[in-house]
Amino acid sequence: ADQYSAFVKQLAEEQGVTYLPVREQMLAYLAQTGRGTYHDYEKTPSLVTNSVLRHYWLGQSWDAMTQRRGHVLTHDNLHLNTVGATFVAD
């Protein structure tokens with residue numbers, strides 16, 4: 001993810017468009033909360049599937065899944081929860 005963000009930043013500079021440092025802000029937030037990045041990304045596909053089933057079949061909110069799993073900014077390592085989305089919105 002760091003390499004991808006660096007590539008996007010460089011591309012934005014080359015194209016003369018604004019780069020939004022969302023990843024950098026999220027990493028700083030995680031460091032501030034003491035949570036850091038700790039996810040095993042190989043589990044992401046199963047977490048995504050599980051999240052969809054829990055949300056649409058059991059009616060669980062995305063934020064409830066985030067809390068249950070001990071995550072901070074996403075519920076499945078990929079999709080932002082309410083806290084994560086505020087970084088994009090701001």
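Residue numbers count from 1 along this sequence. Note that these values count all heavy atoms, side chains included, but never hydrogens, waters or copies made by symmetry.
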**Sidechain-backbone polar pair: D76 side chain, T44 backbone, donor-acceptor under 3.5 Å** = no

Closest non-hydrogen contact found for R23 with S5 is CD-OG, 3.1 Å

Exercise. Check whether more than 12 heavy atoms from other residues, nucleotides or ligands sit under 6.0 Å from atom CD of Q67, and answer yes or no.
Key: no

- Message: Whether the N50 and R69 side chains hold a donor-acceptor pair (N or O, under 3.5 Å, no angle test) is what I'd like checked.
- Response: yes

A quick test of your reading: do over 12 heavy atoms of other residues, nucleotides or ligands sit less than 6.0 Å from OH of Y29? no

Under 3.5 Å, is there a donor on one side chain and an acceptor on the other for H79 and T74?
no

Scanning both residues in full, the closest heavy-atom pair of G84 with M26 reads O-CE, 3.3 Å

> Are W57 and V52 close enough that some pair of their side-chain heavy atoms sits under 4.5 Å apart?
Replying inline: no

Has H75 got a side-chain atom pairing as donor or acceptor with W62's backbone, closer than 3.5 angstrom? no

E14 meets the side-chain hydrogen bond (donor to acceptor under 3.5 Å, both in side chains) criterion, sequence neighbours left out, with Q10

Expected output: side-chain T86 to main-chain V83 donor-acceptor under 3.5 Å: yes

**Report entry** Whether N81 side chain and V72 backbone form a donor-acceptor pair below 3.5 Å
**Finding:** yes

